[in-house]
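A quick write-up on the structure given underneath.
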Amino acid sequence: MCATKSRFSSGAAQAVDRLGELDRTDRAILRALQRDASISNVALAAKVHLSAPACLRRVERLKRLGLIDGVVALLNPKAAGAGMLVMIGVVLDRSTPESFAEFEKAAVKISGCMECHVVTGEFDYFLLVRTKDGESFNRLHAEQLLYLPGVRQVRSFMVIRSVLSTTELPLAV
């Protein structure tokens with residue numbers, strides 16, 4: 001998914017810097033849901049010392065504020081046949097709005113592409129791609145990456161070992 005698009009993004013625009021409006025209980029709710037979004041409302045309420053109806057009202061408010069963007073199940077990549085993680089740096093031929101748009105349109109269609117970000121520095125984009133193994137990445141490279149529009153250079157970095165991978169955002173106290 002390109003950095004310009006999100007699977008959820010319903011309230012992302014309005015959620016800009018809303019953490020200052022939250023109290024300690026709101027933050028506790030967000031921390032608990034980031035760790036386990038499958039927790040029941042009753043269990044969540046007990047964890048944050050609220051009644052179930054009050055907790056539900058707060059969760060709904062956090063959704064309306066755009067702080068809760070969606071709820072998903074996180075799959076084990078290896079068990080799902082996507083155990084290899086590859087970071088890919090991409091340099092485009094030209095830095096024009098048209099070339100960026102054309103690349104982004106193609107990038108969102110890459111098999112196993114989990115993330116696509118416009119970056120500063122040596123590369124124009126970084127992609128995070130998951131495949132089964134080196135052989136499947138080699139096929140992906142030959143069949144899709146080499147044909148991305150407007151690309152001058154592609155550099156792949158296969159992850160040997162992940163030291164940290166989290167979906168939890170830091171929340172100030």
Side-chain angles (χ1 to χ4, degrees), residues 1-13 15-19 27 29-39 44 62-63 66-172:
M1 213 173 298
C2 275
T4 54
K5 294 185 179 189
S6 171
R7 346 172 231 239
F8 306 112
S9 293
S10 56
V16 175
D17 202 16
R18 290 283 170 104
L19 285 178
R27 291 171 195 270
I29 289 170
L30 290 172
R31 273 192 290 280
L33 289 175
Q34 283 192 102
R35 290 187 184 112
D36 181 8
S38 68
I39 188 172
L44 178 60
L62 293 168
K63 287 179 181 178
L67 284 156
I68 297 175
D69 213 14
V71 180
V72 299
L74 299 175
L75 305 182
N76 178 313
K78 204 174 264 185
M84 174 165 278
L85 179 61
V86 183
M87 297 177 192
I88 302 168
V90 176
V91 179
L92 298 182
D93 280 333
R94 299 179 324 264
S95 292
T96 65
E98 296 79 21
S99 62
F100 277 72
E102 189 178 0
F103 174 81
E104 290 175 15
K105 186 177 176 183
V108 298
K109 297 175 184 171
I110 296 171
S111 301
C113 187
M114 306 294 295
E115 298 181 27
C116 173
H117 302 277
V118 177
V119 296
T120 61
E122 184 180 340
F123 297 99
D124 293 312
Y125 288 90
F126 265 108
L127 309 172
L128 258 56
V129 175
R130 283 210 169 267
T131 65
K132 182 179 179 181
D133 53 27
E135 187 178 313
S136 62
F137 175 73
N138 193 35
R139 267 193 315 278
L140 176 78
H141 186 271
E143 295 171 4
Q144 294 182 46
L145 297 179
L146 291 177
Y147 297 101
L148 289 169
V151 172
R152 178 175 39 152
Q153 181 184 27
V154 174
R155 295 197 49 200
S156 303
F157 306 89
M158 292 186 177
V159 174
I160 297 169
R161 179 174 60 96
S162 291
V163 176
L164 173 68
S165 178
T166 183
T167 60
E168 287 186 45
L169 295 176
L171 299 173

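No experiment lies behind these values; they were computed from the predicted model shown.
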Of the non-hydrogen atoms in [X] and [Y], which two are nearest, and what is the gap between them?
X      : Y      : result
Ala32  : Leu44  : CB-CD1, 3.6 Å
Leu145 : Val154 : O-CG2, 4.4 Å
Lys109 : Gln144 : O-OE1, 3.8 Å
Leu140 : Ser111 : CD1-O, 3.6 Å
Met158 : Val86  : CG-CG2, 4.1 Å
Tyr125 : Cys116 : CD2-SG, 3.7 Å

Set of residues satisfying side chain to side chain donor-acceptor pair (under 3.5 Å) with respect to [X], sequence neighbours excluded:
X      : result
Ser38  : Asp36
Ser156 : none
Asp133 : Ser136

Residue pairs fulfilling salt bridge (charged side-chain N to carboxylate O under 4.0 Å, His left out) with at least one residue in residues 71-81, sequence neighbours excluded: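 Residue pairs passing salt bridge (charged side-chain N to carboxylate O under 4.0 Å, His left out), neighbours aside: none found.
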Does any pair with a residue in residues 139-165 pass salt bridge (charged side-chain N to carboxylate O under 4.0 Å, His left out), and if so which ones, sequence neighbours excluded?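 Every pair satisfying salt bridge (charged side-chain N to carboxylate O under 4.0 Å, His left out) with a residue in residues 139-165: Glu122-Arg155, Glu135-Arg139.
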Pairs under 3.5 angstrom only: tabulate donor-acceptor contacts from the side chains of residues 92-102 to other protein residues two or more places apart or in another chain.
| residue | atom | partner | partner atom | Å |
| --- | --- | --- | --- | --- |
| Thr96 | OG1 | Ser99 | N | 3.1 |
| Thr96 | OG1 | Ser99 | OG | 3.0 |
| Ser99 | OG | Arg94 | O | 2.8 |
| Ser99 | OG | Thr96 | N | 3.1 |
| Ser99 | OG | Thr96 | O | 2.9 |

Atom NE2 in His141, atom CD1 in Ile88: separation rounded to 0.5 Å?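 That separation rounds to 7.5 Å.
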Student check: side-chain heavy atoms of Leu33 and Val71 closer than 4.5 Å: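 Side-chain contact under 4.5 Å: no.
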